[in-house]
Protein chains: 2
Amino acid sequence: MTELEKGPTGRRRGRGARERILSASQQLFREQGINRTGMDELCAAAQVSKRTAYQHFTGKDELVAEYLRRFDPSVLSGVFDRTDLTPRERLLAAFDIPPTTPLCPYIAAAVELHDPQHPASQYARDYKEAVAARLADTAREAGAADPEQLGEQLALLIDGAAARTRVLNADAFPAAAAIAAALIDNAIPATAGDDRRREESLG
Amino acid sequence: MTELEKGPTGRRRGRGARERILSASQQLFREQGINRTGMDELCAAAQVSKRTAYQHFTGKDELVAEYLRRFDPSVLSGVFDRTDLTPRERLLAAFDIPPTTPLCPYIAAAVELHDPQHPASQYARDYKEAVAARLADTAREAGAADPEQLGEQLALLIDGAAARTRVLNADAFPAAAAIAAALIDNAIPATAGDDRRREESLG
DNA sequence: CGTTATGTACACCGCCCTGTGTGCTTACGG
DNA sequence: CCGTAAGCACACAGGGCGGTGTACATAACG
């Protein structure tokens, strides 16, 4: 018991209640929103007693923050670590979002919680900046003239597509990808990229 | 009393409680969010008894929808009706958002309510489509090759800037405006616009 | 075995929320 | 001046919320 504290993996000896709680929060917070999901409902879905939940998390706020932290790798790393794609393709792959995704949970959390000081809001900010940084890294790798600017621009497009998809109930990522392609081609000086194609300008 | 029902202007003979309610909702819903603003608090701010509020609006849902409808003219019309600007300048003026604005209330409502069937969510969708349409009209006026596409793209940029401003707590509209300028110049064929400048490409 | 951490079951608290019921006051208009 | 509609004050219902207290069960590990 000295080896594992209550670290990220959670379960020491029990039947992994912490994991079930986080798994249920992934589903319910995304499907119904944070504010509209009560702890009773969440515990029922996780098949965990409410008492246990409050022994793992000091409160709902902490659970929400942890829920955001857990969501990270499945999206961010999944795109940027694909070595089978060229840098330019990786930048565009960030716009290939499966239509099941309701809305970027970071935006949703920031709007729902409505408190910039909330730990989840702070993490959302950090995450968004990290994404922009990774986009900038990839942009640099692709030979962009101003990678930071391109990264920031692509991040803005992603967030715009996410927000617009939510409001309009229609997938806005293809349109964003078209803009992204144009920006990328504009930002990469000729004879710098690896697989640039001339014929696609704006889609 | 047969002339005025309880139409848009509200007050029949009384002291205009309806107007005060809507005015208070404009402030509180934007500052604190919809879910975090109770009817008690709202009525206190409007100096209106709760009973009166529920005689004007059948419920909070209807009040929220009306709050969104009331917000419309101050932004949308204010930009597109400026005849002192060229069409291209009008398109870019849509990105000149006073930093006081917390977040596009339509996005906030769609996220907070979390129900596409909610009347406010439906109105938010209609509004966003109307904005895109007006942007497309202006884009056509500016001589864009594909006005609908440009309008949709600019709308996406605006929403992205709004969402990103909220999450990062930093103004993202200048960056969006820079992208917009590039897209506009790309979309308008040479010798079509009225005030195009060559030297600004991406800012 | 027993200890200890873990999880369970269930009732319970106080708070705030939306929404009402009731009775009273004000002001406008004929 | 009087009727009526608009608005007010206040209390309360009903429910969901986050969060807790208590007593009990189980699994791991010595």
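None of the values given here were measured: they were computed from a predicted structure. Chain identifiers are assigned alphabetically (A, B, ...) following the order of the sequence lines, protein sequences preceding nucleic acid strands; residue numbering begins at 1 within each chain.
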Requested in this report: Not counting sequence neighbours, which residues clear salt bridge (Lys or Arg N to Asp or Glu O under 4.0 Å) with B:D96? List them please.
Outcome: none

**Report entry** Phosphate OP1/OP2 of D:dA6 contacted by B:H56 side-chain N/O (<4.0 Å)
**Finding:** no

Show me the side-chain donor-acceptor pairs of residues 173-184 of chain B shorter than 3.5 Å, one per line, residues at least two apart or across chains.
none

**Report entry** Spacing of B:I21 atom CD1 relative to D:dA6 atom C1', expressed in whole Å
**Finding:** 12 Å

**Report entry** salt bridge (charged side-chain N to carboxylate O under 4.0 Å, His left out) contacts in which one or both residues fall within residues 32-48 of chain A, not counting sequence neighbours
**Finding:** A:D40-A:K50

Report summary line: In 5'-to-3' order, the base (B), backbone-only (S) or no-contact (-) status of each nucleotide in nucleotides 16-22 of chain C, using a 4.0 angstrom heavy-atom cut-off, is --BBBBB

Pair up each side-chain donor or acceptor in residues 110-118 of chain A with any protein partner under 3.5 Å, not counting sequence neighbours, and list the distances.
unit_1: A:E112; atom_1: OE1; unit_2: A:I34; atom_2: N; d: 3.2
unit_1: A:E112; atom_1: OE1; unit_2: A:N35; atom_2: N; d: 3.0
unit_1: A:E112; atom_1: OE2; unit_2: A:I34; atom_2: N; d: 2.8
unit_1: A:H114; atom_1: ND1; unit_2: B:Q32; atom_2: O; d: 3.4
unit_1: A:H114; atom_1: NE2; unit_2: B:G33; atom_2: N; d: 3.3
unit_1: A:H114; atom_1: NE2; unit_2: B:R166; atom_2: NH2; d: 3.1
unit_1: A:D115; atom_1: OD1; unit_2: A:Q117; atom_2: N; d: 3.0
unit_1: A:H118; atom_1: ND1; unit_2: A:A120; atom_2: N; d: 2.9
unit_1: A:H118; atom_1: NE2; unit_2: A:D61; atom_2: OD1; d: 3.0

Report task. Please list all pairs passing the ring pair (Phe, Tyr, Trp, His ring centres under 6.0 Å) test where one or both residues lie in residues 19-47 of chain B, with sequence neighbours left out. Result -> B:F29-B:Y67

Query raised in the report: Should B:T52 be listed as having a side-chain N or O under 4.0 Å from OP1 or OP2 of D:dC8?
Result: yes

